[in-house]
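Right, one structure below, let's go through it.
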Amino acid sequence: MILAFHKPFGVLSRFTADVGACRTLAEFAFPESVYPIGRLDADSEGFLLLSDEAKWNQLLLSPRHHVCKTYHVLVERVPSVEALADLSKGVLLDGRKTLPAQAKILEPQPEVPPRDPPVRVRKTVKDIWIELQIHEGKNRQVRRMTAAVGHPTLRLIRVAIGGLGIGGLAPGEWRVLEPAELRLLR
């Protein structure tokens with residue numbers, strides 16, 4: 001069984017909490033024995049898969065399978081063509097270059113529900129949503145990539161894994177995937 005979940009902001013991608021930590025997956029009444037496939041940081045939102053089948057971890061997380069993960073990223077300032085090209089070619093993080101990605105400004109800009117707490121807004125700096133598709137999943141990779149090209153991430157929402165998108169799931173909602181949807185993940 002695989003579940004699709006829209007992880008809200010401020011929720012850890014695990015079932016147990018540290019003292020004083022953020023909310024966890026335990027509050028969402030998932031079936032017993034499921035666990036997250038990969039993770040999203042507490043300050044990231046969006047599409048998270050959970051399963052009770054270990055095979056999905058290797059299939060979806062290993063860079064050799066090149067499963068695409070798509071993010072909508074609110075960045076500070078409008079990126080230049082050169083900055084988007086740098087993201088697409090891969091950027092240097094900790095002495096290693098990331099795999100090539102796809103990066104573009106989203107047109108039209110997406111309608112996204114407000115977040116609590118809200119993203120800071122500066123009157124003199126325009127923020128813009130970009131789409132970034134990556135094929136690996138290093139720690140805080142998207143945030144580090146946008147920062148490396150001079151555009152810090154203000155909000156990060158994963159919208160798809162492989163050919164499967166988050167669809168109409170509202171933050172905090174989950175559902176069991178249908179067999180046809182499982183084929184999209186392969």
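Being a predicted model, the structure only gives us computed values, none of them experimental.
- Taking CH2 of Trp174 as the reference point, atom CG of Leu48 lies at 13.0 Å (rounded to 0.5 Å).
- Counting heavy atoms from C-beta outward, Ile105 and Ile128 have side chains that approach closer than 4.5 Å.
- No side-chain heavy atom of Ser44 sits under 4.5 Å from any side-chain heavy atom of Tyr71.
- Under the 4.5 Å side-chain contact rule for hydrophobic residues, Leu169 and Leu156 do not share a cluster.
- No donor-acceptor pair closer than 3.5 Å links the side chain of His6 to the backbone N or O of Gly172.
- By the criterion of side-chain heavy atoms lying less than 4.5 angstrom apart, applied directly or through intervening Ile, Leu, Val, Met, Phe, Trp or Tyr residues, Val121 is not grouped with Phe9; the two fall into different hydrophobic clusters.
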For salt bridge (charged side-chain N to carboxylate O under 4.0 Å, His left out), just list the numbers for Asp127 and Arg77, CA-CA rounded to whole Å, side-chain angles, deciding distance to a tenth of an Å, and then say yes or no. CA-CA 5 Å; Asp127 303 329; Arg77 299 184 327 279; over 6 Å; no
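- Cluster membership for Leu154 and Val142, using ILVMFWY side-chain heavy atoms within less than 4.5 angstrom, is not shared.
- At least one donor-acceptor pair under 3.5 Å links the side chain of Asp52 to the backbone N or O of Met1.
- A chain of hydrophobic side-chain contacts below 4.5 Å, direct or via other Ile, Leu, Val, Met, Phe, Trp or Tyr residues, connects Ile134 to Val75.
- Across every non-hydrogen atom of Ser80 and His151, the tightest pair is N-NE2, 4.3 Å.
- For Ser88, the side chain to side chain contact (heavy atoms under 4.5 Å, CB included) partners two or more places apart in sequence, or in a different chain, are Ala103.
- Taking NZ of Lys55 as the reference point, atom CD1 of Ile2 lies at 7.5 Å (rounded to 0.5 Å).
- Using a 4.5 Å cut-off on side-chain heavy atoms (C-beta onward), Thr70 and Phe47 make no contact.
- Leu106 has its side chain out of reach of Ile130: every pair of non-hydrogen atoms, C-beta onward, lies at least 4.5 Å apart.
- Annotation: Phe5 is in aromatic contact with Phe30 [ring centroid separation under 6.0 Å].
- Residues passing the salt bridge (charged side-chain N to carboxylate O under 4.0 Å, His left out) test with Arg96, sequence neighbours excluded: none.
- Between Gln133 and Cys68 the shortest heavy-atom distance is CB-SG, 3.6 Å.
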Would Val67 and His135 count as a side chain to side chain contact (heavy atoms under 4.5 Å, CB included) here? Give the steps. CA-CA 6 Å; Val67 175; His135 299 276; over 6 Å; no
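- Remark: the backbone N or O of Glu45 is not paired with any side-chain donor or acceptor of Arg115 at under 3.5 angstrom.
- When the options Asn139, Asp94, Thr153 are evaluated for a side-chain hydrogen bond (donor to acceptor under 3.5 Å, both in side chains) with Arg144, the one that passes is Asp94.
- With respect to the salt-bridge test (charged N to carboxylate O, under 4.0 angstrom), the residues Glu181 and Arg183 do not qualify.
- The shortest distance between side-chain heavy atoms of Val34 and Phe15 falls below 4.5 Å.
- Inter-residue side-chain proximity for Val112 and Trp129 is flagged as met; some heavy-atom pair is nearer than 4.5 Å.
- Side-chain atoms of Tyr35 do not come within 3.5 Å of backbone N or O of Arg14 as any donor-acceptor pair.
- Counting heavy atoms from C-beta outward, Leu60 and Leu49 have side chains that approach closer than 4.5 Å.
- For the pair Gly46 and Ile166, the tightest heavy-atom approach, listed with the atom from each and the gap, is C-CD1, 3.7 Å.
- Taking 4.5 Å as the limit, some side-chain heavy atom of Val91 sits within range of a side-chain heavy atom of Val149.
- Without hydrogens or angle criteria, Arg122 side chain to Thr124 main chain gives no donor-acceptor distance under 3.5 Å.
- Put simply, NZ on Lys7 and CG on Asp41 are 7.5 Å apart, with the number rounded to the nearest 0.5 Å.
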Side chain to side chain contact (heavy atoms under 4.5 Å, CB included) assessment of Glu76 paired with Thr146: CA-CA 9 Å; Glu76 191 173 88; Thr146 62; over 6 Å; no
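- Hydrophobic clustering of Ile, Leu, Val, Met, Phe, Trp and Tyr side chains at less than 4.5 Å, counting indirect connections, keeps Leu132 apart from Val159.
- Atom-to-atom distance recorded for Thr98:OG1 and Leu87:CG is 8.0 Å, nearest 0.5 angstrom.
- Rounding to the nearest 0.5 Å gives a distance of 10.5 Å between CZ of Phe28 and CG of Leu50.
- A pairwise comparison of heavy atoms in Cys22 and Gly10 identifies CB-O, 3.2 Å as the closest pair.
- Across all non-hydrogen atoms, the minimal contact from Pro36 to Ser13 is CG-O, 3.3 Å.
- Separating the CG atom in Leu40 from the CG atom in Leu12 is a distance of 11.0 Å, to the nearest 0.5 Å.
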